[in-house]
Each structure stands twice: as C-alpha cells, then as structure tokens.
Amino acid sequence: MRLSRYFLPLLKENPAEAQIISHRLMLRSGMIKQSSSGIYSWLPMGFKVLKKIENIVHQEQKLAGHIPMLMPTLQSAELWKESGRYEDYGEEMLRIKDRHSRDLLYGPTNEELITDIFRSHVNSYRDLPLTLYHIQWKFRDERRPRFGVMRGREFYMKDGYNFDVDKDNALHSYNRHLISYLRTYERLGLKAIPMRADTGPIGGDYSHEFLVLAETGESEVFFDKSILNLSLGDRQVDFENKDQCQEIFNEWTSPYARTDETHDNASFDKMVPKDQQITSRAIEVGQIFYFGTKYSEAMGANVNNSEGVKIPVHMGSHGIGVSRLLGAIIEASHDDKGIIWPENVTPFQVGIINLKQGDEETDNVCSSIYKTFSDFGYDCLYDDTNERAGSKFATMDLIGIPWRITVGPRGVKNGVVEVTSRKSGESIELSPELAIRKITEIYEQAD
Ligand code: ATP
Ligand code: MG
C-alpha cells in the first residue's frame, strides 16, 4: 500500500478522552473511531490487525479440532426465557422489539442459541464429542464502557461450546481449550496466565480466566512467580490425547494464580514462598467454563447413550476477547514513540521510507523494493508522501511496523538502504536485495 493512497487518519494531539496508552495509540494511529459510547468503527489499519488476530484464533481452533460456524448477532428472547437467563442477565442485555412487538436481544453470548441448534440436530452419543465455535460481534451494555476497545459495549468475541457425553470427556474438552488458548496467546506475542476464576452469570463448576499483566488492567491478580517460566513453545500437542492434555493442564494450573475474585491470602502464603509471590494488575483476555448439564437440562439437549438411555449432554463454553486483544497487545508492546507490533499481527510487515520523493533514482529503488515485497505476498506500507523525513520516521514509529527500510539518495549512490528494527531501534546498511532477504527470513521464522 502506498501511504499517499491509503486511509490513515493520524491524530497529532493526544485525545483527551483516552486514559490508557493503548486507547491513545489506537486513536492517534487512526485504527479506530468512536461512533458512540463503547462502539467503534474499525478504520482500515485497525481492521487489518483485527482480522490478523481473528485468523490466528481460527488457525489454533482448527488445530484443536473445533468447528467454525456463524450465529447471528440478534437472538430471540424465547430461548433465553427457556434457560431462565432473560431476567437474570440484567441491564447489560440490550433488549429490542421488532415491528411485531416480538422480543429480541443483541447477543451478549450464545449458550442458548447453540444449545438450541444442538438439540435440533444431535440425538446420539455417537455424534460426540462436538465443539462448535464462532467469532461474532457481541453487545453488553456495560455500565462504564472505557479504555477504548478494552471495555466496549459492542465487541468482537470468539466463543466456543463443547458437547460431551459425560464429565470426564467434557473435562478433556476443557483442557483442550486451555491449551489451545495458551497457544493462541503465545502466537500473539502475549504472556497470558491461566487463573482460577468465578463462573459468574455463565454458571458452572470450573473456570479459568487468562490474564495478561499490564499496569492498566482492570483485574488485580496474585500468582506464583514460577508460572512466568512456563511456555508451550514448539511442544507438539496431540489434542486427542487425554493424558497429554491433562499433564499440560496440571503443569499450568497447579502454581497459585488467582484474580481478586477468588484470591485468598492464607492459601497464597501457604502455597507460595514470600519472595515468589507476585501481585499485579492484569487484563482478562479470555475465559473457559465447564458447566455440566446446566443448559442441556434447562433446554432439553439430550442424547441417547450407548445403552439407549436419554441423558443431558455435558457442556462448556469458552471465550476470547478478539477486539480486546488489540488493546492488550499494545499495552504489552509499545514505547514512548508508539506501537511495536509483534510480527504475527502487524498490519504491515514492512515500511518503506523514501527520504527524497521525486528524486528519480531514489523513487526507483523504493518502487522496486515495494514491488518485490508485494510480489512475495507481503503487506508493505510505502511512505511515498512529500512529508519531511522527521515526520515520516515519527509516523512509522507511531504505527509500529516491525521492520523499516529507509531509502535516500546518498545510500542509493552507494548501493545500500537502511534496515531498522522498530523494537531495538538498531539499523544496518544492506543492499536492497539483502535487505529484502533479511526481512523475509525473519517472517518465515516467525510463522
Ligand atoms: P469482564 O470481566 O472483563 O467484564 P467477562 O468475564 O464478563 O469480562 P466473558 O463472558 O468471560 O467476559 O467473555 C469472554 C472474553 O470477552 C473476556 O475474557 C474478554 O476478553 C472479552 N470481553 C468481555 N467483555 C468485554 C467488553 N465489554 N469489551 C471487550 N471485550 C470484552
Ligand atoms: Mg470472563
């Protein structure tokens, strides 16, 4: 993309309404625009990152064997009356009447709808296990929408639902989700810690939240420092293998890690030596639940077991805050100049700065680098505007592209361009060919 042709409405000043850095940087770099309280338009660059994150979430769900689908944003109130949650959900639910005075709602989550789909089509234990998920907009009329996409009213969420024949199988689904979420966060460049959680309005017996440490997080967390050393890395996971999944689950959930909702000082002191105890703020980026037969009993989602007896299915639900993740990634990865995108989610893999737009040779080198990257299928942002060099550098730093190639007449004369890492700030001079090779190699490794 040539910057002169792109839509990147940058803000020069810090927007007064933004209290936290990620919100400020998303507004300043023209990624989002508030349309009304807690509701945003996703401008082209924000939309690009949202889709990249969504794509990684899909890839990891696929690896875990979960099946994508799409349910609507508007739901009939009838199903929620069946489960008993129409009244229970309270003011966070946006209730709507259609022209026939029928009650609808903008879905805050989808347990009812998916249970209805399930009970209409699945009757036998032979069709289990089954995990269906979708990535769809949700609406919760939050009392205090704030911090931009972090606590919106309309937000984008991946939510998945597992159906199993008994508790043992449902807990395997639970473990599978825990691992697949950990993998997802790692690929997004985030360190997310699973913490024992309350089940809240979803209900149920088991739940873990995933928290990313950040000063501006809304949760207070307490955990054993040793958990920070855990990583899945390249470990091969066989999601069908119950024992392996249980082993990884145990490894990640045995150290003490809780949010303020479940924290208990006496247990913390008993389980964790003082010098290993960490108390911090953190952002909730996901949550998983096992709730047994709560919805299947209320809504008659039964299957025939191997003896031909009708039994309610065991279920769980699992959510990742896809739009919130943008905020969380920026909170975890920025400096005083702007965003520093992890390679896996960056809106553009490479930025090219032309230091002397209109100088024929410089223009040619830029165009040729730009063309090569485009031919390779890379997203490249070429700053071909007539702005001053200083302002071009500031823009690239603000929008956080991990690798920058700077091309000026002096370098061109000597056959070199400058490659700069956004993260370290280090630059090296290379021929255009080597510059391209260096950057493509980095992305191939990051994949
Ligand atoms: P919170 O405690 O932050 O209100 P929640 O526990 O009610 O969130 P869940 O029902 O667990 O949310 O939803 C799954 C995920 O969706 C959360 O972990 C979070 O990442 C994201 N999420 C929830 N509410 C919002 C919101 N208002 N804006 C953006 N993302 C949200
Ligand atoms: Mg939650």
Side-chain angles (χ1 to χ4, degrees), residues 20 22-23 26 32 34-40 42 46 50 53-54 57 61 73 85 88-94 106-114 133-161 174 177-178 180-182 184-185 188 190 192-204 206-214 216-221 258-263 281-291 294-295 316-332:
I20 62 168
S22 57
H23 188 194
M26 286 183 79
I32 51 170
Q34 182 173 310
S35 113
S36 60
S37 171
I39 304 179
Y40 291 86
W42 292 78
L50 187 69
I53 295 175
E54 176 178 357
V57 173
Q61 288 302 306
T73 52
R85 282 208 298 179
D88 290 356
Y89 213 93
E91 293 197 306
E92 275 191 17
M93 180 185 278
L94 181 65
Y106 193 133
T109 176
N110 284 57
E111 282 80 8
E112 283 75 3
L113 201 51
I114 197 79
Y133 77 94
H134 73 161
I135 303 183
Q136 176 63 292
W137 295 96
K138 305 290 185 294
F139 196 95
R140 294 183 188 171
D141 204 350
E142 300 275 356
R143 193 205 318 254
R144 270 189 80 194
R146 57 181 186 156
F147 300 161
V149 300
M150 214 62 112
R151 182 165 300 283
R153 292 198 298 164
E154 189 185 47
F155 59 97
Y156 205 39
M157 194 215 277
K158 173 264 159 182
D159 44 322
Y161 305 86
Y174 187 88
H177 278 89
L178 182 120
S180 119
Y181 278 23
L182 289 172
T184 306
Y185 300 125
L188 296 171
L190 290 172
I193 307 173
M195 303 204 178
R196 213 157 97 194
D198 266 347
T199 51
I202 308 273
Y206 291 74
S207 181
H208 281 87
E209 287 177 344
F210 296 80
L211 287 117
V212 171
L213 303 182
T216 49
E218 291 186 286
S219 311
E220 191 175 18
V221 297
R258 304 215 189 144
T259 66
D260 37 7
E261 287 168 6
T262 52
H263 173 64
R281 309 287 309 174
I283 302 164
E284 180 194 328
V285 291
Q287 186 163 8
I288 57 176
F289 300 87
Y290 162 68
F291 44 70
K294 176 178 157 139
Y295 296 90
S317 72
H318 317 275
I320 291 186
V322 176
S323 48
R324 180 180 286 181
L325 274 168
L326 274 93
I329 291 170
I330 297 174
E331 289 294 326

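In each ligand, atom 1 is the first atom listed, and ligand 1 is the first ligand listed.
- Residue contacts with ligand 1 for R151 involve both N, CA, C or O and side-chain atoms from C-beta outward (heavy atoms, distance under 4.0 Å).
- Any N or O atom pair closer than 3.5 Å counts here, and G286 shares at least one such pair with ligand 1.
- At least one N or O atom of Q287, backbone or side chain, sits closer than 3.5 Å to an N or O atom of ligand 1.
- The CZ atom of R281 sits 11.0 Å away from atom CG of L211, with the distance rounded to the nearest 0.5 Å.
- In summary, R143 and E91 do not engage in a salt bridge, as defined by a charged side-chain N under 4.0 Å from a carboxylate O.
- Minimum-distance N/O/S atom of E284 relative to the Mg ion (ligand 2): OE2.
- When the heavy-atom distances from atom 12 (O) of ligand 1 to R146, E92, R140 are ranked, the shortest goes to R140.
- In terms of modelled atom types and a separation under 3.5 Å, the side chain of R324 and the main chain of M150 share a donor-acceptor contact.
- Looking at E284 next to ligand 1, an N or O pair under 3.5 Å apart turns up.
- Between F155 and ligand 1, not a single N/O pair is under 3.5 Å apart.
- Judged purely by distance below 3.5 Å, without hydrogens or angles, the side chains of D159 and H318 never pair a donor atom with an acceptor atom.
- Annotation for ligand 1: atoms under 4.0 Å from non-hydrogen atoms of V285 are 18 (O), 20 (O).
- Judged by distance alone, with hydrogens and angles left aside, the side-chain atoms of T262 form a donor-acceptor pair with the main-chain N or O of R196 at under 3.5 Å.
- When non-hydrogen atoms are compared, ligand 1 lies under 4.0 Å from the backbone of M150 (N, CA, C, O) but not from its side chain.
- Using a 4.0 Å cut-off between heavy atoms, V149 contacts ligand 1 through its backbone alone, with no side-chain atom that close.
- If you number the atoms of ligand 1 from 1 as listed, the ones under 4.0 Å from a heavy atom of E142 come out as 24 (N), 26 (C), 27 (N).
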